[in-house]
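Worksheet for the structure shown next.
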Amino acid sequence: MAKVIGLDHVSILVSDAEASLHFYQSLLGLSVLERPDLGFPGYWLDLFNGQSLHIMQLPNPSSGSERPEHGGRDFHFALRVDSIADYEAHLQQHGLTYTRSRSGRKALFIKDLDGNAFELFEVSSSV
């Protein structure tokens with residue numbers, strides 16, 4: 001029987017691909033991957049280990065809907081990081097809003113320019 005062997009990519013919808021590229025690169029330091037011409041603006045960003053974030057400039061079907069303030073209760077993707085403290089300092093330095101995980105884990109939830117939520121989760125050294 002076939003089995004799932006890992007995550008390949010996460011796609012998000014944005015209103016301005018250039019602004020979103022700048023947001024994710026300045027916050028996370030991600031590099032741009034080669035992307036074919038798909039007929040609409042967007043970028044593929046390298047999340048390492050063969051995984052990527054696909055930014056697609058398309059109308060958002062969720063626009064106008066009420067979304068939870070805390071990203072942990074909303075659609076979101078999670079990225080493993082080596083230091084939540086460093087990212088928290090970076091977010092504060094740049095005046096970016098975030099919430100802490102309500103589970104007690106070392107995790108932060110951030111929303112991008114279009115309200116897409118994502119989690120930064122600190123992986124312990126024993127994992």
Side-chain angles (χ1 to χ4, degrees):
M1 170 149 179
K3 65 180 181 175
V4 174
I5 58 172
L7 177 71
D8 185 75
H9 69 273
V10 174
S11 295
I12 59 171
L13 301 179
V14 301
S15 60
D16 183 334
E18 291 293 326
S20 293
L21 173 65
H22 177 72
F23 175 85
Y24 282 100
Q25 283 190 310
S26 65
L27 178 61
L28 303 175
L30 303 177
S31 61
V32 177
L33 296 169
E34 188 174 329
R35 175 183 182 262
D37 181 359
L38 299 173
F40 58 88
Y43 293 96
W44 291 356
L45 301 176
D46 189 5
L47 294 176
F48 309 105
N49 299 317
Q51 300 167 340
S52 58
L53 172 63
H54 293 189
I55 295 173
M56 303 185 299
Q57 184 174 306
L58 293 166
N60 186 340
S62 299
S63 66
S65 62
E66 192 170 326
R67 307 284 289 277
E69 181 181 338
H70 177 58
R73 297 200 47 160
D74 199 355
F75 300 112
H76 69 276
F77 61 94
L79 302 174
R80 294 178 176 182
V81 300
D82 59 359
S83 173
I84 283 298
D86 288 349
Y87 274 105
E88 189 166 19
H90 184 74
L91 291 164
Q92 289 173 354
Q93 182 180 32
H94 290 87
L96 295 171
T97 303
Y98 63 92
T99 57
R100 289 187 176 89
S101 175
R102 296 179 181 164
S103 69
R105 299 177 313 139
K106 289 184 177 181
L108 303 174
F109 290 89
I110 303 102
K111 292 199 176 192
D112 71 9
L113 305 172
D114 291 279
N116 295 302
F118 62 98
E119 176 181 0
L120 300 178
F121 170 70
E122 184 174 313
V123 179
S124 67
S125 58
S126 63
V127 172

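Just so it is clear, the structure is predicted and the values come from calculations on it, not from any experiment. The figures here come from the full heavy-atom set of this structure, side chains too, leaving out hydrogens, waters and symmetry mates.
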Point-to-point distance, once rounded to the nearest 0.5 Å, from CZ of R80 to CG of D82
13.0 Å
What one should report as the nearest heavy-atom pair of F118 and L27 is CZ-CD2, 3.5 Å
Is there a donor-acceptor pair closer than 3.5 Å between any side-chain N or O of H90 and the backbone N or O of L28?
no
Same cluster (ILVMFWY, side-chain, under 4.5 Å), F48 and I55
yes
Over all atoms of both residues, closest heavy-atom pair of A117 and G71
CB-CA, 3.8 Å
Linked, directly or transitively: V10 and F121 (ILVMFWY side chains, under 4.5 Å)
no
Count I, L, V, M, F, W, Y as connected when their side-chain heavy atoms are under 4.5 Å apart, and connections chain through other members. Are L58 and L45 then in the same cluster?
no
Once rounded to the nearest 0.5 Å, what's the spacing between atom OH of Y98 and atom CD of Q92?
3.5 Å
Assess whether atom NE2 of H9 is packed by more than 12 heavy atoms of other residues, nucleotides or ligands within 6.0 Å.
yes
Rounded distance [0.5 Å steps], CG in L21 versus CG in L113:
11.0 Å
What pair of heavy atoms forms the shortest contact from L30 to D46, and how long is it?
CD2-O, 3.3 Å
Do you reckon V123 sits in the same ILVMFWY cluster as L53, going by side-chain contacts under 4.5 Å, direct or chained?
no
Rounded distance (nearest 0.5 Å) linking atom CZ of F109 with atom CZ of R102
9.0 Å
Step by step, would you call L13 with D114 a side-chain contact (heavy atoms from CB on, under 4.5 Å)?
CA-CA 8 Å; L13 301 179; D114 291 279; over 6 Å; no
V81 and D86: CA distance, side-chain angles, deciding distance, side-chain contact (heavy atoms from CB on, under 4.5 Å) verdict:
CA-CA 10 Å; V81 300; D86 288 349; over 6 Å; no
What closest approach, in Å, do E119 and A107 show between heavy atoms, and which atom pair accounts for it?
OE2-CB, 3.4 Å
Stepwise side-chain contact (heavy atoms from CB on, under 4.5 Å) check, V14 with Y24
CA-CA 12 Å; V14 301; Y24 282 100; 5.6 Å; no
Just wondering, are more than 12 heavy atoms of other shown residues or ligands nearer than 6.0 Å to CZ in R73?
no
Check against side-chain contact (heavy atoms from CB on, under 4.5 Å), D74 and K111:
CA-CA 10 Å; D74 199 355; K111 292 199 176 192; 3.4 Å; yes
Quick one: OH on Y43 to CD on Q25, what's the gap to the nearest 0.5 Å?
8.5 Å
Heavy atoms of other groups near Q51 CD, more than 12 under 6.0 Å:
yes
Pairwise distance CG(L108) to OG(S101) - rounded to 0.5 angstrom:
8.5 Å
Would a hydrophobic clustering, with Ile, Leu, Val, Met, Phe, Trp and Tyr connected at side-chain separations under 4.5 Å, put W44 with L7?
no
Do R100 and Y87 meet the cation-pi criteria used here (NZ or CZ under 6.0 Å from the six-membered ring centre, within 45° of the axis)?
no
